[in-house]
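Below is one structure; the comments refer to it alone.
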Amino acid sequence: MNRCTADTHQSEEQGIFLPPAVKSVPISVLKQSGLLQALAEGSNGHTETDPSAEVLQAQEEWEAVESLQSGPLGTSAGHVPLIAFNEALQYFQTADLSECRKKIQPTVQRRGLSAMAHFFFGPPRLHQQLQGERDLALTIAQCGLDNNERVHMRILQTIYKKLTGSRFDCPRYGAHWEELGFQGMDPGTDLRGTGLLGLMQILYFVMDSRTLPLARDVFKLSQHESQNFPFCVMSINITRIVIQALREEHLSRECNRRQQVIAALNDLYVATFLRLYVIWKTQQKTISDSGFVLKELEAFAKKKPKQLLRYLEIYMSGRAVSVIDGGFQHPSSSSGVHSPDLNSAVGNSSKEINFTGVCDPQVEMEGEARLI
């Protein structure tokens, strides 16, 4: 049940019923109009000198509902509008991010044989006209969550509403963020290493109509009784992976082909999450496997980003995908077209989906591959 409406239903169970028109009125208005006071009046219309315990409990519940429905900036319920990814991106494009920009390291510095090997055999360099967009993405990754920036709060509220289906704003701090998969009551403390880019990529995931079904499938799996995992923390780790892929120039070829950086970065993020979802669900992974799964995801995203993106296209086209031999496969055209819901793919028999040690290879990674 929606956290923001739970106490209202509880009040109804206590025997307090209001017509629909009254329920939609903010609590403060009910107080000013004297309606809450009227609840304490007896059948003869006179206020009791000593309110009963039931009335006192009802008043406390109404006040609790008002507190829950207050937005992060003190606004009334449902007041903060959703924000689209492009609108949020335009904000960062025009905002003064000079302090954050000073902190970025656009590419990984290599020395000696590593630099020579990368020069002759590594991926191509990012085109010069795309380097500004790359730097913007990396600058966003250096920005922290600011309670005084309305766009930051709209991003946070949009993520909450799209994942939970709630129509109401939620408090800036609280246990409801843990239910979304943050580690504590303040999402801002989980953004180290990815900054606001971590939230921006979740925003892209839930606001794009093509990827929202997958986002909800992944979120539902994260709530599974035995296979649960912290959705938002996992997402932030995937953002960290794609940031590294960008800095190490593994994504440069695709960016050059598209003449876009942020769009390619977002698609690699979604494609990596798609791979995580298929592996996690079909191989019955649990939170104890998370470090190893993330290590494999990072290796695959850096080594075969083109293949990841290709199978994201297949998924988007409505055909089922699965993991085999450390990669992806999809059914032949004779098997028909599937709905873009991986539940159909992962629910098939072992004859149709075979897994051969997706996470078996031991790969040396530059950073720690574990949940932040």
Side-chain angles (χ1 to χ4, degrees), residues 105 107-110 114 117-118 122-123 138 141 181-183 190-195 197-198 201-202 205 214 218-219 221-222 224 226-252 254 264-312 321-329 342 346 353-372:
Q105 297 179 357
T107 58
V108 173
Q109 300 298 317
R110 295 178 173 86
S114 175
H118 183 78
L138 296 177
F182 289 103
Q183 292 187 94
D190 287 338
L191 301 180
R192 55 187 180 273
T194 66
L197 187 63
Q201 292 207 303
I202 302 177
F205 204 15
L214 174 61
V218 177
F219 183 65
L221 178 61
S222 76
H224 191 274
S226 59
Q227 290 188 269
N228 61 83
F229 58 86
F231 174 87
C232 287
V233 170
M234 189 69 78
S235 172
I236 290 167
N237 275 270
I238 292 176
T239 296
R240 179 189 59 80
I241 289 172
V242 300
I243 288 174
Q244 280 301 105
L246 178 65
R247 293 183 63 243
E248 295 176 17
E249 301 179 293
H250 298 292
L251 199 54
S252 295
E254 182 65 21
L265 195 68
N266 285 339
D267 283 350
L268 184 62
Y269 161 86
V270 175
T272 305
F273 233 142
L274 171 62
R275 182 174 176 82
L276 168 76
Y277 176 78
V278 176
I279 291 174
W280 202 273
K281 187 163 188 176
T282 57
Q283 297 189 14
Q284 301 296 306
K285 297 298 182 183
T286 65
I287 191 63
S288 61
D289 302 309
S290 60
F292 194 69
V293 172
L294 284 169
K295 188 175 182 179
E296 187 276 338
L297 288 174
E298 183 164 2
F300 201 93
K302 291 179 178 180
K303 186 177 181 180
K304 300 180 179 180
K306 183 177 179 179
Q307 186 172 343
L308 275 176
L309 293 168
R310 170 59 183 150
Y311 282 95
L312 177 62
V321 296
S322 58
V323 180
I324 186 170
D325 294 334
F328 278 104
Q329 72 167 358
L342 291 183
V346 298
I353 300 180
N354 300 307
F355 302 94
T356 55
V358 172
C359 296
D360 289 346
Q362 299 295 322
V363 184
E364 290 296 324
M365 307 305 299
E366 289 189 3
E368 291 187 11
R370 58 181 176 83
L371 283 178
I372 294 174

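Worth knowing before you read on, the calculation uses all heavy atoms, side chains too, and leaves out hydrogens, waters and symmetry mates. Along the sequence shown, residues carry numbers from 1.
With hydrogens and angles disregarded, a donor-acceptor distance shorter than 3.5 Å links the side chain of Asp289 to the backbone of Thr286. Within the 3.5 Å criterion, the main-chain N or O of Phe231 finds no donor-acceptor partner in the side chain of Ser235. Gln183 contributes no side-chain N or O that, together with a main-chain N or O of Val233, makes up a donor-acceptor pair within less than 3.5 Å. With hydrogens and angles ignored, the 3.5 Å screen pairs no side-chain donor or acceptor of Glu249 with any backbone N or O of Leu246.
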Could you walk me through whether Asn237 and Leu297 pass the side-chain contact (heavy atoms from CB on, under 4.5 Å) check?
CA-CA 10 Å; Asn237 275 270; Leu297 288 174; over 6 Å; no

Starting from the C-alpha separation in whole Å, work towards a yes-or-no answer on side-chain contact (heavy atoms from CB on, under 4.5 Å) for Leu268 and Glu254.
CA-CA 10 Å; Leu268 184 62; Glu254 182 65 21; over 6 Å; no

Chi angles and distances behind the side chain to side chain donor-acceptor pair (under 3.5 Å) call for Arg310, Gln307:
CA-CA 5 Å; Arg310 170 59 183 150; Gln307 186 172 343; over 6 Å; no

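Counting heavy atoms from C-beta on, the side chains of Pro305 and Val242 never come closer than 4.5 Å. The shortest side-chain heavy-atom distance between Gln244 and His250 does not fall under the 4.5 Å cut-off. Proximity of Leu294 to Met234: side-chain heavy atoms (C-beta onward) are separated by under 4.5 Å at one or more points. At least one side-chain heavy atom of Leu214 sits less than 4.5 Å from a side-chain heavy atom of Val218. At a threshold of 4.5 Å between non-hydrogen side-chain atoms, the residues His224 and Lys281 do not count as touching.
Across Gln105 and Arg247, no two heavy atoms sit closer than the pair O-NE, 2.7 Å. Closest non-hydrogen pair, Ala301 versus Leu308, comes out as CA-CD1, 3.6 Å.
Between the CZ atom in Phe229 and the CG atom in Leu221 there is a gap of 5.0 Å [rounded to 0.5 Å]. Taken from CD in Gln201 to OG1 in Thr194, the straight-line distance is 8.5 Å, to the nearest 0.5 Å. Within the model, atoms CD1 of Ile236 and CZ of Arg192 stand 8.5 Å from one another, a figure rounded to the nearest 0.5 Å. Note that the CG atom of Asp267 and the CG atom of Leu312 stand 5.5 Å from one another [nearest 0.5 Å]. Summarising the geometry, atom CG belonging to Leu191 is positioned 10.0 Å from atom CG belonging to Leu197; distances are rounded to the nearest 0.5 Å. Summarising the geometry, atom CD1 belonging to Ile287 is positioned 7.0 Å from atom CG belonging to Asn228; distances are rounded to the nearest 0.5 Å.
The only member of Tyr269, Phe219, Tyr277 that meets ring pair (Phe, Tyr, Trp, His ring centres under 6.0 Å) when paired with Phe205 is Tyr269.
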